[in-house]
Amino acid sequence: MVNEGRDAYVPSDVEAKWQRLWEERRTHSFTTEELESAQTPFYNLMMFPYPSAEGLHVGNIYAFTGADVHGRFQRLTGKRVFEPIGFDAFGIHSENFALKQGVHPMDLIPSNVRNFTRQLKRTGGMFDWDHMVDTTDPSYYKWTQWIFVQLFKAGLAERKEAPVNWCPSCMTVLANEQVLSSGQCERCGTLVEQRRIAQWFFTITKYAQRLLDNLERIDWSDTTRKAQGNWIGRSEGAELRFPILSADGSHTDSVIDVFTTRPDTIFGATYMVLSPEHPLVDVVTTGARRGVVDEYRAEAARKDLVARQKVDKTKSGVFTGGHCRNPATGEAIPVWIADYVLMEYGTGAIMAVPGHDERDFEFARAFDLPIVRVVAGEGADADSPLQEAYLGDGVLVNSGDFDGMPWLEGKEKITGWLAGRDLGRAVVNYRLHDWCISRQRYWGPPIPIIHCSACGPVAVPESELPVVLPRVEDFKPDDTGISPLARVEEWYRTTCPECGAEARRETDVSDTFLDSGWYFLRYPSTDFDDRIFDEDITRRWLPVDTYIGGNEHAVLHLMYSRFLTMALHDLGYLDFEEPFTVFRAHGLITHDGAKMSKSKGNVVIPDPIIEEFGADTFRLYLMFLGPFEEGGDYRDEGIQGPFGFLHRLWDTAVSAVDGDADPAVERKVHLTIKQATEQFPSLGYNTVIAALMECLNTVRAGGRQALRSEVEPLVVMVAPFAPHIAEELWERLGNQGSVFEGGHWPEYDEAKTVEDAVRLAVQVNGKLRGTVEVAKGTEEAEAVATARAEENVARHLEDVTERKVIYVKDRLVNFVVS
RNA sequence: GCCGGGGUGGCGAAACGGUAAACGCAGGGGACUUAAAAUCCCCCGCCCUCAGGGCUUCUGGGUUCGAGUCCCAGCCCCGGCACCA
């Protein structure tokens, strides 16, 4: 476009100019000294992206813009805002993409990162690029490994067997998302099985209660806190002991422990069920049943983990031939195995109470097992037949001495009674599992452990970190072994750091969520390579003031980050235990009412939009779509609104003059400042933008000449959304330096926000019949008289009896009549 | 099934229990312009020919002088978890 007249708004020129100046002046960067000494520090964090080959999508830009707007607002109010960015570039996504393209991830990632960096700079975020973090950089994952070592030394990392999805054709482990819903391998279509292999776990379950308790006192989006609460899944109940009986009915040495939330129903436990993987299956199974049991277990093992979790209408299972003694009734009850009982939850064994549990009821019906009622609700007694499991309130029946007791009381009393005989105890159980961090893959940080046949697993000495991921051209999983690194003999052959004997490195890499679980600790300390984070800087900047991100990370990433912070706190490295003081989940952007997806072909591509309208307009539009925490719907034509607004703002500002204030316009400006000041902190961006538009409309109403004093506050308030044009107009209004430096957020004068006249709504029986204008603060008698005089109101008050009059000062008058 | 979040004009959305639809898009009419872009003015929930009136925030009840907003019951949509004992 030809720039005719120097006063035309040309977004690309303005944005290029200011992006260049920001970089030259290092407006958004911190030196080490600045980080060490900043007053009023504000750590503004957003979730770092995984640098895909496709580049930034609108979802990313939406999230980053919302966070950046917050940071820029804080900066305008005078805070020193640290807003870092980085790349979460390890993991299965990158690895799979690299495999598909036939490119090595070590070549792929840098070019993706370059592309992301270019796009991020173009959108105008106030990122401190001097403190960028890339999780695949050895200088970063050195510390990821260091954290593993600390947790290992503290006994928070342990090795145990766990099931994984195994493709027998690819001979490799698959993540759950690589298993199709049909239970087939997504690559070769073979039916996936489960295998049990030894893997590394962080014992996050030790922190379950603290992770739950702290939820009460952190300022996080409610939805996120609820999701974490459910994920932790605390349930109170009892662990009860059922002795295994030998063939002649005498006790053996073995006992099956079960977890139940309903110890009150133990008199109704008519059989037991073990998970097929339960270690006591071999003990309890009788010779005659060995064949069927083994067959069932093999079949269960063939089902992959995804299929296994599907709720099947028909329950399967087999009788082991063995029996246990019900510790309450003293009766011998049969022990079955069935895959509806999961080894991962509770003790992997249940007492089945078909009368009062839906799953047990269904199973008992299918296999003709006895169903006994032990809770009677209203209108039922001990002999009332059960057509379905009864889950309601009631009193205990068929329960020996406990008959007649309310079930809630029974829970406690029966647990106590069994505990007294060493047959049970009250326990709290959590749904949360330990965090499996092993990945039998290539593209991740090697787990820093050396296996020695004499010493067992030994941590790599800290002085030898990082354990560098070797460049392996053939990183594709194949049939030679579990992890690609297990093929690189010269890499894994080493010596034991403790005894010096021949030893072997761990060949698994760690979970991406470990990389992303601590990156916020690293950002302010990237200037140091001799420590994971600097103590003083960390004390000054952390915990993070505001963290903004998607709720898809409500449980995994956010839970792991909390856990790692807590663990590092307990090990004495941090003086806080919650990493994010405030967390806000943003909403989702749809396009013409539909979720964006590549297959639907309705993905909004940012680059051409920014090219056409500029980053400022794009940012403003995204924030205007709807409430930031709820998301909004992107429509291609809608961008005209914000585009026109910035044009009008430009024209108004460049032609503004000095002069005497018009009180009505001045009032609008002050009201707008008030609203923006109140709504910015709570991310109410869409209504702030509406208010700014209204204000500009008022300032320009009837083509009037705007005053500098009216436009300048508007320029500052629009700056978080549209930083480039704001800088330019700030300069053109005659100011020196950046609008973001010096705390230029406008102040409002409460006195100037009040109107002297107000419009009262006049209702008759709650229906609007007219409006009248009165002076602000008019007392009842006068206001009612004015209202009554209004022509249309008067007509509605004829031929009726007035019962009373409601007056709300400066609001309305309501005549109640009959 | 459980846990969240929602249902308001043609569309995105606003509304301390107090004039429903602010702000914007789309649409219609007009001004300026050779033309386009940008800009400016007017109209815009539905029904009744205007003054005026009636109806309208998913449905049905309730509380209240007054309910989109509070309470009860139900329907629908979206997201997450799901054989959790």
Side-chain angles (χ1 to χ4, degrees), chain A residues 1 8-9 221-227 229-231 233 235 237 258-262 265 273 275 308-313 315 338-342 344-353 356-360 362-363 429-433 551-552 554-555 585 587-588 590 592-593 595 621 624-627 629-645 647-648 650-651 686-697 700 702-703 759-771 791-792 795 803-808 810-817:
Chain A
M1 202 210 279
Y9 171 42
S221 287
D222 230 32
T223 53
T224 315
R225 291 202 327 227
K226 288 254 166 58
N230 290 343
W231 188 260
S235 56
V258 303
F259 173 74
T260 178
T261 54
R262 294 294 304 271
T265 62
V273 187
S275 154
R308 180 77 185 275
Q309 305 272 319
K310 285 239 170 67
V311 184
D312 239 328
K313 270 281 166 278
K315 300 245 179 302
D339 65 6
Y340 82 89
V341 175
L342 308 174
E344 290 76 40
Y345 187 76
T347 60
I350 61 157
M351 65 173 199
V353 184
H356 305 283
D357 180 280
E358 281 171 345
R359 295 151 302 179
D360 298 345
E362 196 189 313
F363 193 82
N429 196 58
Y430 299 91
R431 185 193 164 285
L432 182 71
H433 296 350
N551 229 359
E552 68 271 17
V555 285
L588 229 67
T590 54
D592 293 329
K595 205 172 157 174
Y621 181 43
F624 185 54
L625 289 176
E629 291 176 80
E630 284 165 40
D633 189 43
Y634 191 95
R635 310 190 92 229
D636 299 344
E637 322 83 69
I639 198 163
Q640 290 300 339
F643 190 53
F645 169 72
H647 270 281
R648 288 191 294 278
W650 176 279
D651 293 343
N686 59 329
T687 48
V688 169
I689 294 169
L692 296 177
M693 288 173 167
E694 251 184 273
C695 186
L696 183 64
N697 291 345
R700 292 165 57 87
R759 246 193 187 316
L760 293 185
V762 186
Q763 301 179 332
V764 177
N765 275 357
K767 281 194 194 302
L768 184 73
R769 296 304 176 190
T771 61
E791 191 190 351
N792 195 42
R795 193 165 52 246
R803 296 293 173 201
K804 62 172 164 176
V805 182
I806 309 279
Y807 177 57
V808 182
D810 298 337
R811 278 275 173 195
L812 61 43
V813 178
N814 186 12
F815 295 96
V816 184
V817 302

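Below, all heavy atoms of this structure are taken into account, side chains as well, without hydrogens, waters or symmetry copies. Reminder, nothing fancy here: chain letters follow the sequence lines and each chain counts from 1.
Minimum atom distance to the side chain of A/V808 is reached by B/G18, of the listed B/G18, B/A85, B/C81. Here B/G4 is the nucleotide among B/C84, B/U39, B/G4 with the atom lying nearest to any side-chain atom of A/T223. Across B/A22, B/C25, B/C83, the shortest atom-to-atom separation from the side chain of A/A690 is found for B/A22. You'll find that the side chain of A/S235 is closest to B/A85, out of B/A85, B/A13, B/C40. Of the listed nucleotides (B/G4, B/C25, B/C83), B/C83 has the atom at the smallest distance from the side chain of A/L342.
Using N1 to N3 plus N6-O4 or O6-N4 for Watson-Crick, or N1-O2 and O6-N3 for G-U wobble, each under 3.5 Å, B/C2 pairs with B/G80. When both distances must be under 3.5 Å, the Watson-Crick or G-U wobble mate of B/U39 is B/A31. Searching all strands for a Watson-Crick or G-U wobble partner of B/C44 with both distances below 3.5 Å returns nothing. Pairing for B/C11 is with B/G24, a Watson-Crick or G-U wobble pair whose two hydrogen-bonding atom distances lie under 3.5 Å.
Taking the O4'-C1'-N9-C4 or O4'-C1'-N1-C2 dihedral as appropriate, B/G10 has a value more than 90° from 0 and is therefore anti.
Counting non-hydrogen atoms under 4.0 angstrom, A/F624 reaches a base of the nucleic acid. Here A/N429 lies out of heavy-atom contact (under 4.0 Å) with every strand. If you check every strand for non-hydrogen atoms under 4.0 Å, A/G644 touches sugar and phosphate atoms only.
One interatomic measurement links the two molecules: CG of A/L588 to P of B/G6, which rounds to 15 Å at whole-angstrom precision. For the pair A/L696 CG and B/G24 P, the computed distance is 9 Å after rounding to whole Å. Atom CD of A/Q640 is separated from atom C1' of B/C23 by 16 Å (rounded to the nearest Å). One atom, CZ of A/R359, and another, C1' of B/C84, lie 7 Å apart when rounded to the nearest Å. Here the P atom of nucleotide B/C81 and the OH atom of A/Y430 are 22 Å apart, to the nearest Å. Atom OH of A/Y340 and atom P of B/C83 are 13 Å apart (whole Å). Distance OH (A/Y807) to P (B/U19): 14 Å, rounded to an integer number of Å. In this structure, the CD1 atom of A/I639 is 12 Å from the P atom of B/C25, given to the nearest Å.
The residue among A/I689 and A/D357 whose nearest nucleotide of RNA chain B lies closer to the 5′ end is A/I689. A residue-by-residue look at A/L812 and A/M693 shows that A/L812 has its nearest nucleotide of RNA chain B further toward the 5' end.
A salt bridge is defined here as a Lys NZ or Arg NE, NH1 or NH2 lying under 4.0 Å from an Asp or Glu carboxylate O, and A/D651 with A/R648 fails to meet this definition.
A/D633 places a side-chain N or O within 3.5 Å of a backbone atom of A/D592 that can act as its donor or acceptor partner.
Taking side-chain N and O atoms only, A/N551 has no distance below 4.0 Å to OP1 or OP2 of B/G80.
A ring-centre distance under 6.0 Å is not found for A/F643 and A/Y621.
No hydrogens or angles were tested; on distance alone, nothing pairs the side chain of A/K595 with the base of B/C78 as donor and acceptor under 3.5 Å.
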For nucleotides 45-55 of chain B, just jot down a letter per nucleotide in 5' to 3' order: B, S or -, based on protein non-hydrogen atoms under 4.0 Å.
-------SSSS
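Of the N and O atoms on the side chains of A/S221 and A/N551, not one donor lies less than 3.5 Å from an acceptor on the other residue.
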